[in-house]
Amino acid sequence: MLVYPSAIDLSSRTLQRLAGLLAGHRCRIGSRWRRLACGRQALLVLAHLRCGDTYARLAAGFRIGIATVYRYIRETVDLLASLAPTLEQAMDTVRRKAYVILDVTLLPIDRIAADRPYYSGKKKHHGMNVQVLADPAGRLIWASGALPGATHDLTAARIHDIPAATADDIKCWADKAYQGASPGIRVPFRGRNLRGWRRRHNRDHAKIRSLGERAMAILKSWRVLRKLRCSTTRITSVVRAVVTLELAI
């Protein structure tokens, strides 16, 4: 297999922080020798998460086995996922903001037509439902665990206790799918032929909520999330690992 130099659109500071995190982890577990140093392992994981490089390509590029690549990535992803903010911690950040934007994204997965629980009738493809909170500038604050794509947005929000967390003192803007979630979650009026102040309200609501699309774009700038080929039980850890890295940049 041919090997060529490539680039990752991340700063060296991200690499250094992840390498330091891995060095502390190896010290805690008493790891004596590895095929790759901490900096090389960090680079391997960033290439997988940011660029979506497969295990086979990484194994060839770093001159190690595919099983070793799998172990290194799994170890680092679990380590990063443990550092992701919880919903309670995210709410502490939200309370310092004017308001928060709640939205959902469907992460594509490679599943066949028989896997109905993962098929989203709204998006017309298989995926995993992930709830996202963004600040007024569209910056990512928090992302939930992944649920099968057939899960309704409101149901997913209730599973993650988002309506209960958005108390009356928190202003939360969301789309029509969250109708009736809680008094703290503000949604637009239903209907196509709205007139007068209801139509103006929906237009202003859409302008505010549209900034939440930036958080979705930030999340999917990590190319591994554009087409997930791993087990569905691992997707939550991958999402949380990406959130940890994104908040650290």
Side-chain angles (χ1 to χ4, degrees), residues 84-109 111 115-220 225 232 235-236 239-240 243:
T86 63
L87 183 58
E88 292 74 17
Q89 292 170 336
M91 287 300 106
D92 293 336
T93 303
V94 167
R95 289 185 178 91
R96 297 194 293 269
K97 307 291 183 179
Y99 58 87
V100 67
I101 302 169
L102 171 63
D103 209 341
V104 63
T105 184
L106 191 75
L107 303 179
I109 59 175
R111 287 296 180 272
D115 296 323
R116 298 301 299 177
Y118 299 99
Y119 184 79
S120 170
K122 179 180 179 182
K123 299 293 185 178
K124 306 301 181 185
H125 63 80
H126 294 78
M128 300 294 286
N129 181 303
V130 175
Q131 307 284 311
V132 176
L133 291 177
D135 69 6
R139 292 183 291 264
L140 183 66
I141 296 177
W142 174 83
S144 71
L147 294 173
T151 309
H152 191 273
D153 295 349
L154 179 56
T155 303
R158 286 171 174 166
I159 291 173
H160 297 302
D161 293 327
I162 297 175
T166 53
D168 294 335
D169 59 332
I170 297 176
K171 296 179 180 179
C172 180
W173 301 80
D175 62 19
K176 298 176 183 178
Y178 297 91
Q179 191 86 32
S182 74
I185 298 180
R186 305 184 179 188
V187 298
F189 291 103
R190 288 184 177 274
R192 295 183 178 180
N193 299 317
L194 298 176
R195 298 189 179 185
W197 68 272
R198 286 185 173 85
R199 184 174 181 178
R200 292 193 298 272
H201 174 274
N202 279 12
R203 183 174 61 247
D204 294 339
H205 187 283
K207 289 180 180 179
I208 294 174
R209 195 175 58 80
S210 64
L211 294 174
E213 296 297 327
R214 181 187 175 192
M216 307 300 179
I218 290 172
L219 200 61
K220 291 186 178 180
L225 298 180
T232 54
I235 294 177
T236 292
V239 171
R240 288 176 176 168
V243 171

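If you read the sequence from its start, that first residue is 1, and numbering goes on from there.
With Val100 as reference, Val94 is the one residue of Asp135, Ile185, Val94 to meet the side-chain contact (heavy atoms from CB on, under 4.5 Å) rule. Screening Gln179, His205, Arg198, Lys176 against Phe189 for a side-chain contact (heavy atoms from CB on, under 4.5 Å) leaves a single residue, Arg198. Applying side-chain contact (heavy atoms from CB on, under 4.5 Å) to Lys122 and the options Asp153, Leu106, Asn129 leaves one that passes, Asp153.
Atom-to-atom distance recorded for Leu107:CG and Ser120:OG is 11.5 Å, nearest 0.5 angstrom. Interatomic distance, OG of Ser144 versus CG of Leu87, reported as 9.0 Å (0.5 Å rounding). The OG1 atom of Thr93 lies 11.5 Å from the CZ atom of Arg139; values are rounded to the nearest 0.5 Å. Remark: Trp173 CH2 to Thr166 OG1 distance equals 13.5 Å, nearest 0.5 Å. Rounding to the nearest 0.5 Å gives a distance of 12.5 Å between CG of Leu133 and NZ of Lys97. The line from CH2 of Trp142 to CZ of Arg240 is 8.0 Å long, rounded to the nearest 0.5 Å.
Annotation for Glu213 and Asp103: closest pair OE2-OD2, 3.3 Å, computed over non-hydrogen atoms. Closest non-hydrogen pair, Val239 versus Ala143, comes out as CG1-CB, 4.0 Å. In plain terms, the two heavy atoms of Arg95 and Ala165 that are nearest each other are NH2-O, 4.5 Å. Arg209 and Ala174 make their closest contact through CD-C, 3.3 Å (heavy atoms, listed as atom of the first residue, atom of the second, distance). Residues Ala215 and Val132 come closest through the heavy atom pair CB-CG1, 4.1 Å. Here the closest non-hydrogen pair linking Pro163 and Ala157 is CD-O, 3.2 Å.
Side-chain N or O atoms of His160 include none that pairs as donor or acceptor with a backbone N or O of Ile162 at under 3.5 Å. Thr155 contributes no side-chain N or O that, together with a main-chain N or O of Thr151, makes up a donor-acceptor pair within less than 3.5 Å. One N or O on the side chain of Lys124 and one on the backbone of Gly121 form a donor-acceptor pair closer than 3.5 Å.
Looking at heavy atoms from C-beta onward, Thr236 lies out of side-chain contact with Leu147 at the 4.5 angstrom threshold. Side-chain contact between Arg203 and Arg200 is present, with at least one heavy-atom pair separated by less than 4.5 Å.
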